[in-house]
Number of protein chains: 2
Amino acid sequence: MRRALAERPLPSADDHAARFARQREADRTATAEDYVELIADLLREEGEARAVDLARRMGVSQATVTATIGRLQRDGLVETKPYRGLFLTEEGGRLAAAAKARHDLVVRFLLALGLDHETAEADAEGVEHHVSEKALKAFARFLADRETPGR
Amino acid sequence: MRRALAERPLPSADDHAARFARQREADRTATAEDYVELIADLLREEGEARAVDLARRMGVSQATVTATIGRLQRDGLVETKPYRGLFLTEEGGRLAAAAKARHDLVVRFLLALGLDHETAEADAEGVEHHVSEKALKAFARFLADRETPGR
DNA sequence: TCCAAAATTTAGCCTAGGCTAAGTATTGTC
DNA sequence: GACAATACTTAGCCTAGGCTAAATTTTGGA
């Protein structure tokens, strides 16, 4: 006998549409977050972030990176000094820091659930853009509870 | 003093690129999954799935739905009988069932973590397309453990 | 039956994000 | 100091997914 899952009726059309709209919004910002996060990582770990390295690490052509960086520049997140590398604006830096914090929290949470490292990292890449603040808080709470063995 | 998080070095460029490639792949299939899942829900709950209702529930224009349904038809997932509604092919039905199973599991998991119903549903909408089978298994394990209070 | 309302499609436009191929510019090394 | 290798940009193309406005069906009720 199947656990009664409160066979959910459909939400109102408006609520339903709002969920999808939030979804599309998240999709739109995901690329920007991935780029600034990677640029920040490269700056921190390698001392510089070159377009050619972004292309390699994102698995896209250099032409695609040029175009995407153009949009990020237009949006005030990134600055470029050709042949010198890419840099984050203040706003870009803030976005990267927030993205990294989210990313790391999701990874820690998935590891705590028992996932192997590579899967946790790979899944976090997708999940980090689609979880609400409330979910992130719940993840953090889970991790905190878990590190407090006694009650 | 910050918990030592094994300040992860960057993955190899190839591994990194593979993660992003998987990500882009998931993005490509997300729309199809959302549509067939919604069509299946409408067929089950309302007896029919009309393009106009999809437009309302997805929060997009009817023209967008026409175009998207065209792609789903081309891909063998959906059939249309104009003014009679939309139907799923066998493959479309399988995809919808898989998507719904994933969706429901994610919702149950998020509820178990303490999220309210609306947030769980909204977050699931995004998360369901980006979690691996391994993560889903971990979610299921968590739910199972939780329902077995004793050890 | 007729005809207005509702559903659907078409046309034409746009952006993001992919690609390849072919430039152009810079650097670093000999 | 020249020049090959490397980095970057440009041009031109493509698909998915959005939009509005304007047809075009089709349905259902008076």
Side-chain angles (χ1 to χ4, degrees), chain A residues 13 17-39 42 46-87 125-126 129, chain B residues 13 17-39 42 46-87 125-126 129:
Chain A
R19 288 182 198 165
F20 284 116
R22 224 170 310 154
Q23 211 31 59
R24 287 192 296 272
E25 173 59 25
D27 286 344
R28 263 203 307 283
T29 58
T31 301
E33 291 180 356
D34 283 340
Y35 270 72
V36 296
E37 197 179 336
L38 182 48
I39 289 169
L42 286 169
E46 323 253 275
E48 63 172 10
R50 306 294 295 242
V52 65
D53 294 322
L54 255 75
R56 271 196 276 269
R57 298 199 101 90
M58 304 278 317
V60 299
S61 70
Q62 284 197 39
T64 293
V65 167
T66 297
T68 304
I69 292 296
R71 285 188 288 271
L72 297 182
Q73 254 183 301
R74 177 201 61 191
D75 296 342
L77 298 171
V78 166
E79 278 163 11
T80 79
K81 300 185 191 165
Y83 303 94
R84 303 293 304 287
L86 306 170
F87 303 88
E125 206 58 73
H129 305 297
Chain B
R19 289 182 198 163
F20 284 117
R22 225 169 310 152
Q23 212 30 57
R24 288 192 294 271
E25 173 60 25
D27 287 343
R28 263 202 307 282
T29 58
T31 302
E33 290 181 357
D34 284 340
Y35 270 71
V36 296
E37 198 179 336
L38 182 48
I39 290 169
L42 286 170
E46 323 253 276
E48 63 171 11
R50 307 294 296 243
V52 65
D53 294 322
L54 255 74
R56 272 195 277 268
R57 298 198 100 90
M58 304 279 316
V60 299
S61 70
Q62 286 197 38
T64 293
V65 168
T66 297
T68 304
I69 292 297
R71 285 189 288 271
L72 298 182
Q73 254 184 302
R74 176 201 63 192
D75 297 341
L77 298 171
V78 165
E79 279 163 9
T80 78
K81 300 185 189 164
Y83 302 93
R84 303 293 304 287
L86 306 170
F87 304 88
E125 205 60 71
H129 304 297

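Values below: every heavy atom of this structure, side chains too, minus hydrogens, waters and symmetry copies. Naming: A, B, ... by sequence-line order, numbering from 1 per chain.
Residue pairs meeting the salt bridge (Lys or Arg N to Asp or Glu O under 4.0 Å) criterion with at least one member in residues 50-68 of chain B, sequence neighbours excluded: B:E48-B:R50, B:D53-B:R56.
Atom CG of A:L72 and atom C1' of C:dA16 are 11 Å apart (whole Å). Between the CG atom of B:D75 and the P atom of D:dT15 there is a distance of 13 Å, given to the nearest Å. Remark: P of D:dG18 and CG of B:D27 are 12 Å apart, rounded to the nearest angstrom. The nearest whole Å value for the distance from the CG atom in A:D34 to the P atom in C:dA16 is 16 Å. Summarising the geometry, the separation between CZ on B:F20 and C1' on C:dG18 is reported as 15 Å, rounded to the nearest angstrom. Between the CD atom of B:E33 and the C1' atom of D:dG17 there is a distance of 17 Å, rounded to whole Å. As rounded to whole Å, 16 Å separates atom C1' of D:dA16 from atom CD of A:Q23. Rounded to whole Å, atom P of C:dG17 lies 14 Å from atom CG of A:L54.
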Sort me out a list of protein N/O and nucleotides 6-13 of chain C N/O pairs below 3.5 Å, or just none if empty.
from: C:dA7; atom 1: O3'; to: B:R50; atom 2: NH2; distance (Å): 3.3
from: C:dA7; atom 1: N3; to: B:Y83; atom 2: OH; distance (Å): 3.1
from: C:dT8; atom 1: OP1; to: B:R50; atom 2: NE; distance (Å): 3.2
from: C:dT8; atom 1: OP1; to: B:R50; atom 2: NH2; distance (Å): 3.4
from: C:dT8; atom 1: OP2; to: B:A51; atom 2: N; distance (Å): 3.4
from: C:dT8; atom 1: OP2; to: B:V52; atom 2: N; distance (Å): 2.9
from: C:dT9; atom 1: OP2; to: B:T66; atom 2: OG1; distance (Å): 3.3

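Counting any heavy atom pair closer than 4.0 Å across all strands shown, B:T68 reaches no nucleic acid atom. Within the nucleic acid shown, A:R71 comes within 4.0 Å of at least one base atom, counting heavy atoms only.
Classification of B:R28 and B:E25 as a salt-bridged pair holds, one side-chain N sitting under 4.0 Å from a carboxylate O.
A:L54 places none of its side-chain heavy atoms less than 4.5 Å from the side chain of A:Q62. Side-chain contact between B:F87 and B:T80: absent, with no pair of heavy atoms (C-beta onward) separated by less than 4.5 Å.
For the atom pair CZ (B:R24) and CG (A:D34), the distance works out to 9.5 Å, reported to the nearest 0.5 Å.
For the side chain to side chain donor-acceptor pair (under 3.5 Å) test, residues two or more places apart in sequence or in another chain that qualify with B:R19 are A:E118.
Phosphate contact (OP1/OP2 of D:dA16, side-chain N/O of A:R28, threshold under 4.0 Å): absent. Contact check, B:T64 against D:dG17: no side-chain N or O comes under 4.0 Å of OP1 or OP2.
Inspection of the A:D27 and A:H129 side chains reveals no N or O donor paired with an N or O acceptor under 3.5 Å.
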